[in-house]
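Structure below; questions to follow.
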2 protein chains.
Amino acid sequence: MPRIVAEKSDVVAAIAEVFREHGYEGASLSQITATTGFGKGSLYHFFPGGKEDMASHILAHIDHWFEIEIFAPLGTGDAATAIARMMRSVETYFQSGNRICLVGAFTLTGTRDRFATPIAIYFRRWISALEGALHRTGLNQSQASQRAETAVLAIQGALVLARALNDAAVFTRALHQIEADLLRPDPQS
Amino acid sequence: MPRIVAEKSDVVAAIAEVFREHGYEGASLSQITATTGFGKGSLYHFFPGGKEDMASHILAHIDHWFEIEIFAPLGTGDAATAIARMMRSVETYFQSGNRICLVGAFTLTGTRDRFATPIAIYFRRWISALEGALHRTGLNQSQASQRAETAVLAIQGALVLARALNDAAVFTRALHQIEADLLRPDPQS
DNA sequence: TTGGGTTTGTACCGATTGGTACAGAATTGG
DNA sequence: CCAATTCTGTACCAATCGGTACAAACCCAA
């Protein structure tokens, strides 16, 4: 019984990479079976709802990972440390700019309409978790909110530009600047 | 004879909107014919190379528009004025965040591999044009380069986040901050 | 008005799409 | 060891995919 869960989780991770490479519409069932090694039988056993079901589970899987590794930790301990920890996790997760944000990729196509709610929740949660940490550094609510939004947005943009220029250095460079901007002392006070 | 060119340009613009909405892989020929009103006959007359040919022409069309309206103007006149002008053009072009950057959307899927060169050229040219203007404000080369990269990246990220949250205000808010960051006096001097 | 090129709609093509059916292999609890 | 359940490969399906062929409609110069 636990074996089912474990394998399903593996399947989710494997399919996610196919979506990451070809997008939702571009990832065909035959590509998924070929790349993951799972036949249609297995696929439709785990995901009776087909492609859309797979993508839903993938988004949930990603959201869960971020909740555990990024969002929740932002709420604990020293704020500056938590933010630095986030930046490190982000750099690792996105493989220094060589890996795409699937949520962001879904956002930019018609796929967004299918998954509008989980997509919006993911980004809102990220911003709100970061905003909480910034608030603990002494920033007021509106400044914390603005900085958090800017940081999340910049991470997404960095992923786009790094891939467009095929230059992962763009991403790491951006991450360092984002971190500096986040921890910069309040110019108001 | 000029009529051909004019109509072809119209077709390009119409198809671009379909790609913008569904992505390259997601935009089917039948959707293109239905949305644009042009039959397959016309489509394959103008674009013998099919879908890929259409997308190439669209990218060229976009690049040309940006060259005329954004990139080239950055090289003329007062730098601060030129940058402010760019921000206004960007806000108009992307309809205050309600319109997607097709180049960015292509970047995040397997489509990038097909059009890697024009995509990279587009972003490089944008950054380099902006870098030139920043250099004219007195910033040194490396600072100008870094700021230009950050600004272009942030615009892309703002488009992603605005669409993800279905909130155009995110985009306009970001644009104002980007402009302020670009024109901020050199902290070094 | 006619003739030649340009533009377009329609019918059609093989290939592939996402999805279903189901028999059998593998695994498990009893 | 057996039966029930879980898992998987294969064959198959209608629908749609991107693309081709081509004849008719259209347009403009002569």
Side-chain angles (χ1 to χ4, degrees), chain A residues 1-59 61 102 105-106 109-115, chain B residues 1-59 61 102 105-106 109-115:
Chain A
M1 193 72 82
R3 187 171 149 274
I4 299 173
V5 178
E7 289 195 359
K8 180 163 183 175
S9 159
D10 290 347
V11 183
V12 166
I15 301 176
E17 291 310 312
V18 183
F19 279 136
R20 233 179 268 274
E21 191 165 352
H22 300 98
Y24 179 78
E25 322 269 2
S28 69
L29 266 292
S30 56
Q31 264 173 340
I32 294 174
T33 60
T35 303
T36 66
F38 295 99
K40 286 190 176 187
S42 315
L43 255 32
Y44 278 85
H45 171 72
F46 289 122
F47 311 102
K51 236 176 123 175
E52 183 156 0
D53 204 2
M54 300 176 202
S56 287
H57 278 84
I58 289 171
L59 286 179
H61 183 260
L102 194 57
F106 279 9
T109 65
T111 312
R112 184 204 56 166
D113 300 333
R114 275 180 200 266
F115 307 106
Chain B
M1 192 70 82
R3 185 169 150 275
I4 299 174
V5 177
E7 290 195 359
K8 180 161 182 177
S9 158
D10 291 348
V11 182
V12 165
I15 300 176
E17 291 310 312
V18 183
F19 279 136
R20 235 179 267 273
E21 191 165 354
H22 300 97
Y24 179 77
E25 322 269 1
S28 68
L29 266 292
S30 56
Q31 265 173 341
I32 293 175
T33 59
T35 302
T36 66
F38 295 98
K40 287 191 176 185
S42 315
L43 256 32
Y44 278 84
H45 170 70
F46 288 122
F47 312 102
K51 238 177 124 175
E52 184 156 359
D53 204 3
M54 299 177 203
S56 287
H57 278 84
I58 290 170
L59 286 178
H61 183 259
L102 193 58
F106 278 10
T109 65
T111 312
R112 185 205 54 164
D113 299 333
R114 277 181 199 267
F115 307 108

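Computed from a predicted model, the values in this text were never measured in an experiment. We name chains A, B, ... by the order of the sequence lines, and we start the count at 1 in each one. Quick note: numbers below take in every heavy atom, side chains included, and nothing from hydrogens, waters or symmetry partners.
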Send over the distance from B/D10 CG to C/dT7 C1', rounded to a whole Å. 14 Å
How long is the gap from OG1 on A/T109 to CZ on A/R114, to the nearest 0.5 Å? 9.5 Å
Between A/H22 and B/E25, is any pair of side-chain heavy atoms under 4.5 Å apart? no
Do side-chain atoms of A/Y24 reach the backbone of A/E52 as a donor and acceptor pair under 3.5 angstrom? yes
Going by number, which of residues 16-34 of chain A have a non-hydrogen atom under 4.0 Å from DNA chain C? A/A27, A/S28, A/L29, A/S30
About how many Å separate CD1 of A/I15 and NE2 of A/H61, when rounded to the nearest 0.5 Å? 11.5 Å
Could you tell me the separation between the CZ atom of A/F46 and the C1' atom of D/dC7, rounded to a whole number of Å? 7 Å
Using side-chain heavy atoms (C-beta onward) and a distance below 4.5 Å, is B/M54 in contact with B/I32? yes
Point-to-point distance, once rounded to the nearest 0.5 Å, from OG of B/S9 to NE2 of B/H57: 11.0 Å
Please report the distance, rounded to the nearest Å, between NZ in A/K40 and C1' in C/dG18. 7 Å
In whole angstrom, give the distance that lies between atom CZ of A/F38 and atom P of D/dG9. 9 Å
Parallel, tilted or perpendicular, judged at 30° and 60°: which one describes the rings of A/F106 and A/F115? parallel
Atom CG in B/D10, atom OG1 in B/T36: separation rounded to 0.5 Å? 11.0 Å
4.5 Å side-chain heavy-atom contact, A/D53 and A/Y44: no
Please tell me whether B/F38 and B/F46 form a close aromatic pair, meaning their ring centres lie under 6.0 Å apart. no
Within the side chain of B/K40, is there an N or O that forms a donor-acceptor pair under 3.5 Å with the backbone of B/L29? no
Taking only heavy atoms on the protein side, list every residue of residues 47-59 of chain A lying under 4.0 Å from any atom of DNA chain C, sorted numerically. A/G50, A/K51
Report the end-to-end axis angle of the helix from C/dT1-D/dA30 to C/dG30-D/dC1; each axis comes from five terminal pairs, and the value is rounded to 10°. 20°
B/G41 or A/Y44, whichever maps to the more 5' nucleotide of DNA chain C: B/G41
Rounded to the nearest Å, what distance is computed from the CD1 atom of residue B/I15 to the P atom of nucleotide D/dG18? 12 Å
Are B/H45 and C/dT7 close enough that a side-chain N or O sits under 4.0 Å from OP1 or OP2? yes
